Amino acid sequence: MHIEDLVKLAGGINNVYRVLLPEGHLSLAVEDPELVGALPSDAVLKQVISEWHIVDLSGDPVSEASLFDLGRKIEARQREKIKQFSHPTSCQYRPAWHIAGPQGLVNDPNGFIYHQGEYHLYYQWSPIGCSHTDKYWVHTTSQDLLNWEWDDVALTPSDWFDSHGAYSGHAVSLDNELMVFYTGNTRLGEERHRQTMQCAAVSEDGKNLRKLGPLIRELPPGVTEHIRDPKIIHREGRWLLFLGAQTTEMKGRLAVYHSEDLHHWEFDRLYGDELGDYGYMWECPDVFALDGDYYFAFSPQGIDSGSEYNTVPHQNRIARLTFGDNDEVMLSQLQTLDYGFDFYAPQSMQTKDGRRVMCGWMGLPDEWTQPSCRSGNWVHQLTALRELSSENGKLIQKPQKELETLRSEVREYELADSCVDLKTKTFELHTQLTWGSCLRLFEDSAYFAELLLDAENRRLIFDRSNTQLEEGDTIREVALDSDTVELQILADNSSLEVFINGGEAVMTARIFTPEAATQVSLKGAAKLQVYKLKAPQMPYLR
Ligand code: FRU
């Protein structure tokens with residue numbers, strides 16, 4: 001059967017919202033089953049969980065060109081439909097200078113890159129409500145890594161290879177072209193069988209991405225359909241593509257492919273055996289060079305968190321990556337990127353002046369109920385950008401230097417078992433604390449977040465039990481061995497990012513307390529230097 005005929009039977013393109021190809025049978029998800037016409041014997045209408053699918057049973061081959069055309073029509077409808085979610089709701093928890101979505105759920109940063117004089121930062125977006133459904137890529141651009149513009153949706157889950165989500169990936173800047181790689185995620189049949197393909201799209205300027213379709217369609221041997229999030233680097237004359245993968249023995253591993261031309265990819269093998277049983281899946285690989293060494297940042301699932309308070313399966317780590325003579329990959333020297341609550345799926349890129357800057361998702365999989373859902377129909381955001389460097393083999397992370405230009409009025413306070421009302425939740429705070437001190441932030445008479453320097457165990461405890469948090473762990477800890485502890489804290493209405501001892505450790509957290517909870521208090525004595533921060537132009541404010 002021709003695609004056009006099936007679309008007609010489905011009640012016309014306005015009744016079609018998904019195209020699928022389970023076992024080669026063209027299927028269309030229809031909005032209203034009542035609009036489906038009388039079906040010939042080689043087509044059926046059936047319910048697949050909560051959806052209605054009209055399925056072509058004729059066995060006629062379907063051309064990829066006609067599938068592509070149908071994808072463009074579905075895409076046009078999707079773009080129209082989500083316009084209503086592209087307008088920001090007003091909400092007290094909205095950040096002033098972090099990237100957040102206008103509505104819906106935001107997760108991983110994607111395609112973070114400098115290309116043709118502009119910074120491009122895409123992100124995963126579920127426009128319809130605070131849940132993980134059918135991911136889109138939103139495109140934002142910036143000249144200065146501070147003021148961001150919303151450039152609309154770049155990829156929609158419109159095609160047979162990405163119908164349940166244009167999942168995460170990275171970008172490559174070529175002379176006249178930006179090429180993005182992403183994972184096409186589809187769910188087939190009653191069992192919601194996952195089908196994963198690695199896809200690409202191109203554009204001159206990063207806007208109007210034109211899908212090229214799947215470049216890697218088959219799974220490599222020994223992995224499940226959990227293989228995703230392509231990262232591409234160029235090394236010694238050829239391209240390398242990295243994917244986070246799960247083996248059929250349920251081990252997280254790194255899959256590597258090679259290519260001469262970015263279009264044809266040859267599987268090399270799975271790497272990471274030297275880490276042993278290190279979780280059941282590795283998501284979002286990022287591979288980059290820093291001061292002459294390669295690093296591998298990733299999001300392992302199901303590893304031992306190393307802390308009794310850290311009970312979630314979703315962790316963040318970075319390892320040194322070395323290439324052998326034949327480009328074989330060795331991983332070593334694991335470190336935690338962020339000891340806080342909400343740091344996942346980070347991506348990095350090189351700025352035009354050569355700095356390595358990283359952005360993470362401030363949120364975690366499996367958590368989507370927070371006060372912002374009810375008050376503004378949005379949840380999660382991206383983290384502040386952090387500059388990476390290495391000192392004696394240790395990774396150092398500092399807030400991007402551009403943030404300093406947001407500083408306005410500065411105030412100094414000397415607190416000794418006392419408190420001060422900052423009258424704002426958007427600030428940068430610097431202090432040096434002695435062991436035994438306890439700093440409370442975003443505080444009113446009922447709510448606060450607490451940073452406690454536990455003298456006995458020489459660790460910093462970040463406690464958000466007394467906040468309006470609705471989901472997630474409430475305590476995090478990091479061991480420190482310095483005589484005093486220096487803190488640089490970035491606050492933005494519903495988040496705190498704590499940079500410790502000059503970037504030796506970082507703790508990121510979403511913190512929900514009432515709008516008027518603007519006090520800071522200290523048990524112990526210390527000087528506080530507090531900058532109010534100006535709001536740049538943000539992508540959810542058009
Ligand atoms: C990580 C992740 C990625 C996937 C994306 C889907 O948060 O699960 O592995 O590509 O989110 O939105």
Side-chain angles (χ1 to χ4, degrees), residues 82 99 101 104-112 121-139 153-157 161-171 180-187 192 194-201 214 216 219 223-232 241-246 252-255 279-287 296-303 312-317 337-338 341-348 358-368 379-383 471-472 508 510:
I82 59 166
I99 295 178
L105 178 147
V106 164
N107 57 303
D108 316 351
N110 290 153
F112 191 19
L121 179 50
Y122 304 80
Y123 62 77
Q124 289 279 286
W125 189 40
S126 235
I128 307 167
C130 297
S131 64
H132 286 276
T133 39
D134 303 355
K135 297 294 166 66
Y136 291 64
W137 276 41
V138 167
H139 182 213
V153 158
L155 292 173
T156 79
F161 47 80
D162 59 15
S163 60
H164 289 72
Y167 272 14
S168 287
H170 284 254
V180 308
F181 292 80
Y182 69 99
T183 298
N185 179 56
T186 55
R187 292 302 196 100
R192 287 179 53 77
R194 191 187 291 272
Q195 175 190 277
T196 303
M197 294 188 182
Q198 312 310 328
C199 308
I216 302 175
L219 297 184
V223 305
T224 72
E225 296 280 348
H226 286 284
I227 176 162
R228 52 181 172 263
D229 311 330
K231 162 76 190 188
I232 289 87
L241 182 146
F242 301 89
L243 295 171
Q246 176 179 70
R253 287 293 178 260
L254 177 64
Y280 54 80
M281 170 65 186
W282 295 354
E283 292 190 308
C284 300
D286 186 14
V287 176
F296 165 52
F298 64 123
S299 300
Q301 300 184 335
I303 59 169
V312 297
H314 303 109
Q315 303 292 325
N316 64 78
R317 291 290 185 276
L337 268 166
D338 195 297
F341 303 89
D342 297 293
F343 190 82
Y344 200 72
Q347 289 206 347
S348 70
M358 179 176 267
C359 175
W361 170 27
M362 201 193 292
L364 282 188
D366 297 350
E367 290 176 18
W368 50 77
V379 71
H380 306 316
Q381 55 186 297
L382 302 186
T383 68
E471 224 176 356
T508 297
R510 283 165 312 157

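This one's a predicted model, so the numbers in the text were calculated from it and none came from an experiment. Indexing begins at 1, ligand by ligand and atom by atom, following the structure's order.
Using modelled atom types, one finds a donor on one side chain and an acceptor on the other under 3.5 Å when comparing D286 with S348. Side-chain atoms of R228 and N185 form no donor-acceptor pair, as typed in the model, at a separation below 3.5 Å.
Every atom of ligand 1 is numbered from 1 in the order shown, and the set under 4.0 Å from a heavy atom of Y344 is 1 (C), 7 (O). The N107 neighbourhood of ligand 1 comprises atoms 5 (C), 6 (C), 7 (O), 11 (O), 12 (O), with distances under 4.0 Å to a heavy atom of that residue. Counting atoms of ligand 1 from 1 in the listed order, those under 4.0 Å from a heavy atom of R228 are 3 (C), 4 (C), 9 (O), 10 (O). Remark: ligand 1 atoms within the under-4.0 Å shell around heavy atoms of W361 are 7 (O). Distances below 4.0 Å separate heavy atoms of S168 from the following atoms of ligand 1: 5 (C), 10 (O). For ligand 1, the atoms sitting less than 4.0 Å from at least one non-hydrogen atom of K135 are 12 (O), numbered in the order shown with element in parentheses.
Nearest protein heavy-atom neighbour of atom 4 (C) of ligand 1: D229 OD1, 3.5 Å. Looking at atom 12 (O) of ligand 1, its nearest protein heavy atom turns out to be Q124 OE1, 2.6 Å. In this structure, the protein non-hydrogen atom closest to atom 8 (O) of ligand 1 is E283 OE2, 2.8 Å. In this structure, atom 1 (C) of ligand 1 lies nearest to the protein heavy atom D108 OD2, 3.0 Å.
Not a single N or O atom of Y167, backbone or side chain, sits closer than 3.5 Å to an N or O atom of ligand 1.
Taking the six-membered ring where the residue is Trp, Y136 and W125 present perpendicular rings, their angle passing 60° and hence far from 30°. A tilted orientation is assigned to the rings of H132 and H380, their planes being inclined by 30° to 60°.
A distance-only check finds a donor-acceptor pair linking the side chain of N316 to the backbone of L337 [under 3.5 Å]. With hydrogens and angles ignored, the 3.5 Å screen pairs a side-chain donor or acceptor of E471 with a backbone N or O of W368.
The side-chain heavy atoms of W361 and D108, taken from C-beta on, include a pair separated by under 4.5 Å.
Of the listed residues (H314, Q315, E283), just one forms a side-chain hydrogen bond (donor to acceptor under 3.5 Å, both in side chains) with Y344, and that residue is E283.
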